[in-house]
Amino acid sequence: MMKIAIIDYGAGNTQSVKYALKRLDCEGVLTSNKEVISGSDKVIFPGVGQASSAMKKLKSKGLDILIPKLKQPVLGICLGMQLMCDFSEEGNTDCLKIFNSNVKRFNHSLKVPQIGWNTIFDLKSNLFDSINENEYMYSVHSYYVPVLLHTVAKSNYGINYSTAIKKNNFTGVQFHPEKSGNKGEVVLKNFIKN
Amino acid sequence: MLAKRIIPCLDIKDSRTVKGVNFVDLKDAGNPVELARYYSENGADELVFLDITATKEDRKTFAKLANQISENINIPFTVGGGIKSIEDVDILLKSGADKVSINSFAVKNPSFINELAKKYGSQCVVLAIDAKHVKNDWFVYLVGGSIKTKIRLFDWAREVENRGAGEILFTSMDHDGTKNGFACQALEKLSETVNIPIIASGGAGKIDHFIEVFKSGNIDAALAASVFHFNEIGLKELKINLKNKNIPIRL
């Protein structure tokens, strides 16, 4: 059976990710153990919360060194995706530097945080197999990753931003597939099977 | 484009849904997990669960329930009712809740909002405000609308935003239960006052009321209980109607 590690560093709603995997008949192991993470087939890097304090937690467990070196498929969700970038304006913190980008705060003329179901478009990854253009996914965030060379899906909230990014074995999604209904489950399933 | 959200609200007492529900196709309509699954499969964008007993002993049961809900549904949900400490919030978020809703306790201890926002982020802090229209002004009420305060609604809304609340759930005590429509004027003013999402609550009786609230102000979500529980308004029918009126809706 496939081993999926869910990185547990005290940030946010890991239980929901575990249950989402269970609904897909997969077992996710919540762990901060480096050997367990390295030895798993796939890694999910979730996160809800604040960037600089999340980076501190990762550092305290040595995970800031481990994560960028992982060779298996890694899926960062929400804050997990943002932390894979160079730097975040949230608490002005250096991040894991997998993606060459800064994470920026949404402009104040919009309601911040963005909360709710937004459409995703310009889908360019097998992560979105069987997902139509302009499908709705659930997001909740105040910071965003701009559109990059590595963007594989966009959303719009005042501006177009990266709602998914992909580079080598690393994929990040800004939305919560574990909370995005049946379509979100398809995205998780694609990550597991591809 | 960001969609407007439709949120059924479930009142929970002793691990059962109260206010009654009326779905012929549910085996046990009082079972919140089953009802939550029904709503999530039929187009709800989010769910709110309010613990209306909220004694210390029941709180543990409620956390267990949040866990079961998280295990069974794949849309976000908020839990609220009687939250008084970081520990209360911690256990609910760890049980799988996406957001917590706080009300009376925040009015008595406003710094609690700062504390929560700092520890868990604004995105999971929903500030529930119950208010009544008194002599051309709106005042905040506590404990399910039973205690009047001298706090003005719009001042309080601004303050909770500044303290880090991520969303406001506004219930007009004047409209709640009347089925005569939402408090559109107050909601419109509220949406001009703060720059965080607003959930409208209280007064939904028919589909037109939802159209009206989304057309009148910059409102992000509408919450209702009995009209959904008694199937007076079907979620799918509601959402199709809203979409036909060019309101951005997830179908």
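Note that these values count all heavy atoms, side chains included, but never hydrogens, waters or copies made by symmetry.
- Residue A:Lys97 places its NZ atom among more than 12 non-hydrogen atoms of other residues, nucleotides or ligands, all under 6.0 Å distant.
- Within a 6.0 Å radius of CD in A:Glu133, other residues, nucleotides and ligands contribute more than 12 heavy atoms.
- Taking 4.5 Å as the limit, some side-chain heavy atom of A:Phe45 sits within range of a side-chain heavy atom of A:Tyr9.
- Chosen from A:Asn134, A:Ile120, A:Ile115, A:Thr119, the residue pairing most often with chain B at heavy-atom distances under 4.5 Å is A:Ile115.
- With a threshold of 4.5 angstrom between heavy atoms, B:Arg5 approaches chain A through side-chain atoms but not through N, CA, C or O.
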(request) Given salt bridge (charged side-chain N to carboxylate O under 4.0 Å, His left out), test B:Glu115 with B:Lys119 step by step and report yes or no. (result) CA-CA 6 Å; B:Glu115 228 178 305; B:Lys119 181 137 196 227; over 6 Å; no
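- No other option in B:Ser70, B:Ala3, B:Ala97 has as many heavy-atom pairs under 4.5 Å with chain A as B:Ser70.
- Between B:Gly164 and B:Ser122, the shortest heavy-atom contact is O-OG, 2.7 Å.
- Under the 4.5 Å side-chain criterion, counting only non-hydrogen atoms from C-beta, B:Trp138 is in contact with B:Ser172.
- Applying a 4.5 Å heavy-atom cutoff, the residues of residues 135-171 of chain A that approach chain B are A:Tyr136, A:Tyr138, A:Val140, A:Tyr157.
- Counting heavy atoms from C-beta on, the side chains of B:Leu35 and B:His229 come closer than 4.5 Å.
- Between B:Lys239 and the choices B:Asn244, B:Asn42, B:Asp45, the side-chain hydrogen bond (donor to acceptor under 3.5 Å, both in side chains) rule is met once, by B:Asp45.
- At a heavy-atom separation below 4.5 angstrom, chain B is approached by A:Glu178, A:Lys179, A:Ser180, A:Gly181, A:Asn182, A:Glu185 within residues 176-194 of chain A.
- Smallest separation of non-hydrogen atoms from B:Gly166 and B:Ile196: O-CB, 3.7 Å.
- For B:Ile199, no part lies under 4.5 angstrom from a heavy atom of chain A.
- Note: B:Asn218 leads B:Asn218, B:Asn72, B:Leu251, B:Val194 in heavy-atom pairs under 4.5 Å with chain A.
- Contact annotation for A:Glu90: neither backbone nor side-chain heavy atoms come within less than 4.5 Å of a heavy atom of chain B.
- Between B:Phe210 and B:Phe182, the two ring planes are perpendicular [angle over 60°; tilted spans 30° to 60°].
- Between the side chains of A:Tyr19 and B:Asn74, no donor N or O sits under 3.5 Å from an acceptor N or O.
- Side chain to side chain, A:Gln174 and A:Gln82 meet the donor-acceptor criterion of an N or O pair below 3.5 Å.
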